[in-house]
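Below is one structure, written out as structure tokens; comments come after it.
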Amino acid sequence: MLEAILNRRSVRFYKDIPVTDEQIEEVLKAGFCAPSAHGNAPWHVVVVKDPAAKERIGSIHKWTKIIIKAPVALVVCIDRSDFDHFWIDDGSAFMENMLIQASSMGLGTCWIGIHGIKPEGVNAEAVIRETLDLPDHFGIVAITPLGHAARYPGPHEPKLPEGRVHIVG
Ligand SMILES: Cc1cc2nc3c(=O)[nH]c(=O)nc-3n(C[C@H](O)[C@H](O)[C@H](O)COP(=O)(O)O)c2cc1C
């Protein structure tokens, strides 16, 4: 199985080492190669380097906190002004492509779900929209930190879990 898929793990602690613009671009390019419904490619991505913006988004709840110490956070958005039935699916495909690309480059990431979450009544999408000055027609799917892992849980083993594969025919 593709090594980058097995090596991709959720990294929640980062070293104080920057990532280069070239590295960021390679990761983003993978996102923009994702499949999307009707080939709409409705993605926008915000590269957040600004410490104050990371701090603000990081303060939403205990899971977003992990972006504060990472050098960069990538925010996956979808332009919902057109056909948007599959906006979560489209954004998720973009996200997963980026995570695998980052893994292949030896960089750490962690999917942080955003759409629809309201920890302690705080609307995560609204806080991010305001912090990053995003328009109302952008749906915010998820965020990932991007950086060098300070703690890495170890690669996945390929597996076919018992009873989870259903063969017809
Ligand atoms: C939709 C989605 C939302 C997630 N949200 C969070 C999150 O808010 N915080 C977090 O630390 N991990 C989050 N994760 C990562 C999962 O916890 C992680 O993928 C899972 O435990 C398996 O571990 P692995 O990624 O190392 O294989 C999310 C993953 C997905 C797919």
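Model, not experiment: these values are computed from the prediction. First listed ligand is number 1; within each ligand, the first listed atom is number 1.
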**Item:** 4.0 Å protein heavy-atom contact status of atom 22 (C) of ligand 1, strictly under
**Value:**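 So far as the 4.0 Å threshold goes, atom 22 (C) of ligand 1 is out of reach of every protein heavy atom.
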
**Any protein heavy atom nearer than 4.0 Å to atom 7 (C) of ligand 1** =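 When distances to the protein are checked, atom 7 (C) of ligand 1 has a heavy atom within 4.0 Å.
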
**Message:** Are more than 12 heavy atoms, taken from residues, nucleotides or ligands other than L160, located less than 6.0 Å from that residue's CG atom?
**Reply:**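 Incorrect, the count does not exceed 12.
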
Is there a polar contact, in the sense of an N or O pair closer than 3.5 Å, between [X] and ligand 1?
{"X": "P153", "answer": "no"}
{"X": "R9", "answer": "yes"}
{"X": "S10", "answer": "yes"}

**Asked** Between NZ of K159 and CZ of R164, what distance do you get to the nearest 0.5 Å?
**Response**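 Here the rounded value is 10.0 Å.
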
**Message:** Distance check, rounded to the nearest 0.5 Å: I57 atom CD1 versus L132 atom CG?
**Reply:**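 Rounded to the nearest 0.5 Å, the CD1-CG separation comes to 4.0 Å.
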
Considering only the protein, which heavy-atom contact is closest to [atom], and what is its distance?
{"atom": "atom 11 (O) of ligand 1", "value": "R12 NE, 2.6 Å"}
{"atom": "atom 13 (C) of ligand 1", "value": "W111 O, 2.8 Å"}
{"atom": "atom 27 (O) of ligand 1", "value": "H156 NE2, 2.7 Å"}

**Asked** Aromatic ring centroids of H44 and F138 under 6.0 Å?
**Response**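 Yes, the ring of H44 comes within the 6.0 Å limit of the ring of F138, centre to centre.
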
**Item:** same_hphob_cluster(I128, V122) at 4.5 Å side-chain heavy-atom cutoff
**Value:**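 Same cluster: I128 reaches V122 through Ile, Leu, Val, Met, Phe, Trp or Tyr contacts under 4.5 Å.
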
**Message:** Please check this pair: side chain of R80 against backbone of W87, looking for a donor-acceptor N/O pair closer than 3.5 Å.
**Reply:**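 No: the side chain of R80 does not pair with the backbone of W87.
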
**Asked** How are the rings of F94 and W43 set to each other: parallel, tilted or perpendicular (split at 30° and 60°)?
**Response**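 Rings of F94 and W43: tilted, as their planes differ by 30° to 60°.
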
**Message:** Show the atoms of ligand 1 that are less than 4.0 angstrom away from any heavy atom in R8.
**Reply:**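 This gives 24 (P), 25 (O), 27 (O) as the contact atoms.
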
**Request:** Taking only heavy atoms of C110 into account, list the atoms of ligand 1 that are under 4.0 Å away from them.
**Result:**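 Result: 10 (C), 11 (O), 12 (N).
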
